[in-house]
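Heads up, the thing below is written out as structure tokens.
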Amino acid sequence: MATQHSRSAARLMMSPAVFLLLVWMLVPLIMTLWFSTLDYRPMRGTFDCCEGLGNYSRFVTSSAFLDSIVATLQLVGGVLVITVVGGVLLAILLDQPIWGQGVVRILVIAPFFVMPTVSALVWKNMFMNPVNGLFAHLFKGLGLQPVDWLSQYPMFSIILIVSWQWLPFATLILLTAIQSLDSEQLEAAEMDGAGPLSRFGHIILPHLARSITVVVLIQTIFLLSIFAEIYVTTSGAFGTRTLTYLVYQRVIESQNVGLGSAGGIIAVILANIVALVLMRVVGKNLDA
Amino acid sequence: MGRITLDKVRKAFGDVEVIPPLDLRIEDGEFVVFVGPSGCGKSTLLRLIAGLEDVSGGEIRIDGTDATNLSPAKRRLAMVFQSYALYPHMSVRKNIAFPLKMAGLDKAEIDKRVEGAAKVLNLDSYLDRRPGQLSGGQRQRVAIGRAIVREPSAFLFDEPLSNLDAALRVGMRLEISELHKRLATTMIYVTHDQVEAMTMADKIVVLQAGHIEQVGSPLELYRTPRNKFVAGFIGSPRMNLIEGPEAAKHDAHTIGIRPEHLMVTPEGGTWTGKIGVSEHLGSDTFFHVTVPGFAEPLTVRAGGEVDLHYDDEIHLTPDPAQIHRFDAEGLRLA
Amino acid sequence: MARAVTTQRKIAFTALAWIIGLAIFFPILWTILTSFKTEATAIADPPVFFNFDWTLENYTVVQERSDYMRYLWNSVVLAVGSTIFGIIIAVPAAWSMAFVPGKRTKDVLMWMLSTKMLPAVGVLYPIRLILIELGILDSKGALIFILMMINLPIIIWMLYTYFREIPGEILEAARMDGATLKDEILYVLTPMAIPGIASTVLLNIILAWNEAFWTLTLTTVDAAPLTAFIASYSSPEGLFYAKLSAASTMAIAPILILGWFSQKQLVRGLTFGAVK
């Protein structure tokens, strides 16, 4: 359905979006690339040329870098596993005939609307605080020693907070997907003698594959740039310094723009690798 | 007004040529049917005429003026789509009025024409419904209504009946034919169904792989198919095509004989075979007959109440005046 | 599934679903409850649930201390503004990709999404510098632009998946009916896509409302939205649970209510064409 006329119209109508995104991507990226080769520390007034790849080697060889990669993988991986597995289970539960399904759905979806700063603050203070937090009260009530969650199990705590925020998203998408499953398929499988478990494995799960890839893609996009939750809770201490946060610290807190920019470029490269892999998988899955 | 001329029109998608250069004249007021198997390029050809696709070469003239590069909106053609393509968010009234609104007519005139079209198509009582609330046949009528209010120089129909059930299809076929008689406007109608082509057309264009195989009136095509393809495509059930020694007897590579031109006799006959499946339609019976030495079973039309059954022996005699002869290239031999 | 379900089974599933639902909702409920307590009740051990003297004092204090209304207004302006501009740019782009797909359409779309994967920190400093150079650091205009840019790929993708469900024949019919491209988009495509556009708008408002990287790093006073308002409670006032709760409730209430009312549209939009 395309004529020369509509094709040129299409190109014209695409151009604002493409142009803006190109500028939005390239200009700061090129500036960052340039800064990354400088010894640029605005607080000390240093702005010296020609560090070459010095910033890069310094950034990569510091122990903080490897730690930050590990932290990032832990965070993203942990949240993805919890939300996808939890989402599938919860979606199946909500798909059962229950009373008040609408209300339960409203309850489950709610955390998605809570801004990250608020959820981090509420969890940090009102739940995970070792003295006045609800968990501390609960532990004391059970005769246990209260735990200082954010310093004893910092990564676990942050994964918990972030998972709480993203579980609704996964659940809702997967629930919609399950509801779109043709019940005749399940009935046919039952006629063929498939038990509940094999029905889940052979019919429900494959049907959800497409939605799960979308959940993984969207969540990865957002999880890679998790910031507020860490900023508010641990400020990157106790092994919760993700790559994003490490770069932020270098650039803003220690005002070492050269070094931080090198880190930023590395983060961009790594993110692109992840993006490429995901796009391959998702692009294929979206066509189907 | 509605004379459409295609002059060496061709269409390629990338390197694939779907329509090799093609010439066609459509006279004013004609009902022309493009027919062919799916993928033969008939819809593409229609879309080229509509301006929904660019031609890759050649010229399209509408009423003598070059329309090759005109946008669809400026060609003064109206189209009825296979899916009806009604605007789901507008009432029937607004759907029909849309082309008039786009043409900038004043409200009184629009109302007058919409009412007129609705009366013709028996849509009066549905004017304020949405397309979603209508049956398939009603939707089809709305789509036609939207086409006729513009008083276009030609109507284009893209398989308009294929989404209707069999009974409705026959009814709508008649309605469209009547509409053509009343309006006397050029209509170009695309279908893969040769029955629609035979019953509606003034002129049939048989297409295969983008080529025009033959152009002619329904009876011309039926009587003198130019090649094996047209012979097999026009007529239902399809013509029996026989190769080998039987064809050689008639100095041909292939001979064709229609089921209705085979006579069933109790004895004798040119060919003798065994009855396989028989299809009883009441008025007619079709037998599928296996004749020893023939590659494919023959289809035979017999009367409605013939007492012959599976595995019975049957004797067949072709009407010698109705034998079609084709050469090795599949072309008709005079 | 059309089949009889035993009542016992239904009761069991209902109970389980409600327990999990309430557990997930509990942090929000607890925050709202605490916002009506006095500071002493807020940290009482054992915790008090409903049986306390309800007070609105915390809300008054929070409003006086940090001028909630100004932050709220900024949040509204940023979320709505960035959404409107985003939609205006995204609708034509999504039209092009959905109805005039070329060989590279999918690549362009994926490229757009990949810009969303660029870590914001990588480009934070240059963008700060540019804003300072232009004298628009801490301005609503700059923030609207940035929020629009970071969500643009998502908006385009969502609209694209919606538009793709609209049969091309209807747009062709409009073209045959004499509609120009403008008419086609304005009178046919947009009205047909209203549900899709609505859910895109909603999601974008939520994303923009909750965005907490750029809004925290690029605003100080004038353009600061609710994310900054709440961040100012991170310490040491965070230890005043009742006030923190009041501030939190005020920050999330508008979007929570909006989200609940529109959850049907939202859910459909969120599936990004993953569910047909």
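Chain naming here is simple, since letters A, B, ... match the order of the sequence lines and numbering starts at 1 in each.
- Heavy atoms closer than 4.5 Å to chain C are found nowhere in B:Leu100, neither backbone nor side chain.
- Only the backbone of B:Ala78 comes within less than 4.5 Å of a heavy atom of chain C; no side-chain atom from C-beta onward does.
- The closest side-chain donor-acceptor pair between B:Asn95 and B:Tyr84, if any, does not fall under 3.5 angstrom.
- For the residue pair B:Ser43 and B:Asp158, a side-chain donor N or O sits within less than 3.5 Å of a side-chain acceptor on the partner.
- With a 4.5 Å cut-off on non-hydrogen atoms, B:Lys74 does not touch chain C at all.
- Contacts with chain B were tallied for C:Asp183, C:Ile194, C:Val188; C:Val188 has the most, counting heavy-atom pairs under 4.5 Å.
- Under 3.5 Å, the side chains of B:Thr68 and B:Asp66 contain a donor-acceptor pair of N or O atoms.
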Less than 3.5 Å apart, which donor and acceptor atoms pair up between the side chains of residues 129-136 of chain B and the rest of the protein, not counting sequence neighbours?
residue, atom, partner, partner atom, Å
B:Gln133, OE1, B:Arg130, N, 2.7
B:Ser135, OG, B:Gln138, N, 3.4
B:Ser135, OG, B:Gln138, OE1, 3.3

